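Letters go in sequence order (proteins before strands), and every chain restarts at 1. Predicted model only: the values in this text are computed from it and were never measured.
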2 protein chains.
Amino acid sequence: MRDVSRATGLSMFTVSRALSGGDGVSTESREQVLKTARELGYIPNRAAQELRRASRDSVAVITASTSNSYYLDLMAGIQHALRPSNWTVVVGDVAVDGIYDPRLEDRMVQRLIESRMAGVISTLTLTPENTRLLASWDIPVVFVDSSPPASARDFPSVTTDNYNASLMVGAHIAEHGLKDWLFLVYPPKWSTRFDRERGLRDSAKRHGARIVVLESENDAVSGYDTLAAHLEAAGKLPDVLVAGNNPLLLGALNLVRDRGIKVPGDLALVAYDEFAWSSLVNPPLTVLDERSEEIGRLAARTLAEIIEGQAEAEKRGGSKTPVYRPEHQQQVPAQLVIRRSCGCHGGSFAATPAPA
Amino acid sequence: MRDVSRATGLSMFTVSRALSGGDGVSTESREQVLKTARELGYIPNRAAQELRRASRDSVAVITASTSNSYYLDLMAGIQHALRPSNWTVVVGDVAVDGIYDPRLEDRMVQRLIESRMAGVISTLTLTPENTRLLASWDIPVVFVDSSPPASARDFPSVTTDNYNASLMVGAHIAEHGLKDWLFLVYPPKWSTRFDRERGLRDSAKRHGARIVVLESENDAVSGYDTLAAHLEAAGKLPDVLVAGNNPLLLGALNLVRDRGIKVPGDLALVAYDEFAWSSLVNPPLTVLDERSEEIGRLAARTLAEIIEGQAEAEKRGGSKTPVYRPEHQQQVPAQLVIRRSCGCHGGSFAATPAPA
DNA sequence: GTCCAAAACCTAAACGATTAGGTAGCCTGG
DNA sequence: CCAGGCTACCTAATCGTTTAGGTTTTGGAC
């Protein structure tokens, strides 16, 4: 296409400069070029640009939980923080049919390196090998709502303060006098699991409650089945069910409905992750609100900062290894939104409208 | 990196062939190459590959409704249909903070052409200029849950049979004897609007009902505000509210809750688009189920077929203009899922578990 | 009228892969 | 022993940009 633009009689150099807005081009030449380019319908070839410029103009978000409610807010936050800069955001889903696949993770990381990404935001703890691989290509990684792998403890991460959040959850449950807790939770691949579990366990101990932690795959159907099997085996209901995240909550609520269990009459319910419908389901749900959008925004800003530092260091002839500073590890406080499923406000079948 | 791989003493040609699995390379050379490549941590540069091969190995999905429930299912269907081939799926969101921005559409189309995409699936009716632009670069487009612009009527599209679906909705409402209908609907940019409105209007006429069509921006907050303003002005409730899609339903339900309106006692409610929580909200919702995943799968398959036809035609020296055939325009029947919000099964506050 | 710097422009070499077109060596059949 | 056809390999051009390093032109300042 460029040789077509050379129909202006000007050289490649001038055309390139004119189009990209650099200097060394007279105003008339520039206009001439822009005009012919428009007439000819010239659109640059990105592959060629990236090849020449050594790429690095998009950042990737790795996720395995597109169906989790917080995902949309998180993305909104990331997009928002990155819109002013002109990086492109691409999302890489490493789950097939909603369940995480490690081979997909490998393939995804491979592809991100092939595309010479400027940076990566990961919503899950990557494998040590993949983390190392990205590092060896000088691609900065920010973990969001997940921790870096043990082999890379200094990597940046932005998460909810899950430990204290879980203490809050536990404290509220204890206020209701509930002593028999069941925590339905996803696998440790999503590393928020650790702090959530620890907080809840500590809280149970502190309040003299028993807690059972029940692990399920990270999707609604597995949540349903796992919980059903557990209740079957246990023979009786716990006092309260804590759903570890949105898909598991969905599974649990479906089971509760199918079994005719009354919430919070027979079983109180508290869940992680606020979402759009939480105040509309029956009963309105008491949930932990994560402020996902802010987390996304923070993560994106952190990544941008690191990438810029990297670019600057390189310009000054330094190494382009990303530098991670301790303040890049951030925790965002969460908030407990109290509705009815925990037993507050008179439970499920009240005739008055539920609070938002 | 490639010259590093030349540390095997073999030429670029041999290395390239060895890595890409082509023939003309002895088994030992191939092993030698693979071994060194692995040792050196060689990862190909995608920009260079795309430049040389004239790209065309990813397809894009253009959407402005990531928060709409059907989006996830749609994507799942698309991913599913495209996984066997090794095209990459990238999604391009042309909405900022949930509302559609035409300039983003332009920029997105520009970028897709820059990347020389193999094909595009669009969940909204593109502007005539953008459609023409894509066509002029021989990039096939399949519209999904939306129609092609009037200037390009022969383009492929896969949609729900919205007209008949709306007749079904209307018929069911009529069975309840409701005569005063309110249709809360999104703007015509999402072209399913036309058939849905037409179906509902025809149905109202057929059953001797009055229908008011109320247009709102396509997000929950606008839906809430628009509906609130309308009810204010009208001074009384209609018999039934039909929510045109998921975000509008969300807005409507929030309003209903805030106003203390009883559903279906004071106002019956039917909504478009099945979603995960529809049977769990209060009351369980009667919705039109779109089979989004199948629509996605169908669209992806159609696109794949067209791209393959294109590649074949080009190989035979023909034109690479995509050929669209009439059977590429497909309609998928929908299904009405009857729960309680329409007035069936005894309404909202029943103590028995709601049907799934 | 010189000299010099700045502005405007050009030539040609990259970037990292693929591949058309060629060559050398070996085998096989006649 | 040679033609012919393999196989395994190589050289070098090519994709569409950007840009380092020149060259020419222009316009003052002296």
Exercise for the section: Enter the inter-axis angle for the ends of the helix from C:dG1-D:dC30 to C:dG30-D:dC1 (five pairs per end, rounded to 10°). Expected result: 50°
Exercise for the section: Can you establish whether the number of heavy atoms outside B:Arg103 located under 6.0 Å from its atom CZ is more than 12? Expected result: no
Completion exercise
Whole-Å distance, B:Leu51 CG to C:dA17 P, equals 12 Å
Exercise for the section: Please lay out, stage by stage, how B:Thr321 and B:Ser319 fare under the test side chain to side chain donor-acceptor pair (under 3.5 Å). Expected result: CA-CA 5 Å; B:Thr321 312; B:Ser319 132; 2.8 Å; yes
Donor-acceptor contacts under 3.5 Å from residues 143-151 of chain B side chains, at least two apart:
{"residue": "B:Ser146", "atom": "OG", "partner": "B:Ser122", "partner atom": "O", "Å": "3.3"}
{"residue": "B:Ser146", "atom": "OG", "partner": "B:Val144", "partner atom": "O", "Å": "3.2"}
{"residue": "B:Ser147", "atom": "OG", "partner": "B:Ser191", "partner atom": "OG", "Å": "3.0"}

Handout entry: Rounded distance in Å - CD (A:Glu50) to P (C:dA17)
Key = 14 Å
Exercise for the section: Please report, rounded to the nearest Å, how far the P atom of C:dC15 is from the CG atom of A:Asp57. Expected result: 19 Å
Practice task
Let me know the distance between CZ of B:Arg17 and C1' of C:dA17, rounded to the nearest Å.
Solution key: 13 Å
Practice task
Find the distance B:Asn45:CG to D:dT17:P and express it as a whole number of Å.
Solution key: 16 Å
Exercise for the section: Give the ring-plane orientation class for A:Trp190 versus A:Tyr100, where under 30° counts as parallel, over 60° as perpendicular and anything between as tilted. Expected result: perpendicular
Exercise for the section: Determine, step by step, whether B:Lys35 and B:Glu31 satisfy the salt bridge (charged side-chain N to carboxylate O under 4.0 Å, His left out) criterion, reporting the C-alpha distance in whole Å, the side-chain angles of both residues, the deciding distance to 0.1 Å, and the verdict. Expected result: CA-CA 6 Å; B:Lys35 182 161 154 289; B:Glu31 265 165 25; over 6 Å; no
Problem - A:Asp23 CG - C:dA8 C1' separation (whole Å) - result: 11 Å
Handout entry: Check: A:Asp57/A:Asn86 side-chain N/O donor and acceptor closer than 3.5 Å
Key = no
Exercise for the section: Calculate, to the nearest 0.5 Å, the distance between atoms CG and CD1 belonging to A:Leu133 and A:Ile139 respectively. Expected result: 8.5 Å
Completion exercise
Rounded to whole Å, CD1 of A:Ile113 lies from C1' of C:dG16 at a distance of 17 Å
Practice task
Answer yes or no: is there a donor N or O on one side and an acceptor on the other, between the side chain of B:Gln310 and the main chain of B:Asp138, under 3.5 Å?
Solution key: yes
Handout entry: Test item: A:Thr66 and B:Met75 side chains (from C-beta on) under 4.5 Å apart, heavy atoms
Key = no
Problem - C:dG16 phosphate, OP1 or OP2, under 4.0 Å from B:Gln49 side-chain N/O - result: no
Exercise for the section: To the nearest Å, give me how far apart CG (B:Leu19) and P (C:dT19) are. Expected result: 13 Å
Exercise for the section: Using a 4.0 Å heavy-atom cut-off, write out nucleotides 9-14 of chain D from 5' to 3' as B (base contacted by protein), S (sugar-phosphate only) or - (no contact). Expected result: BBB-BB
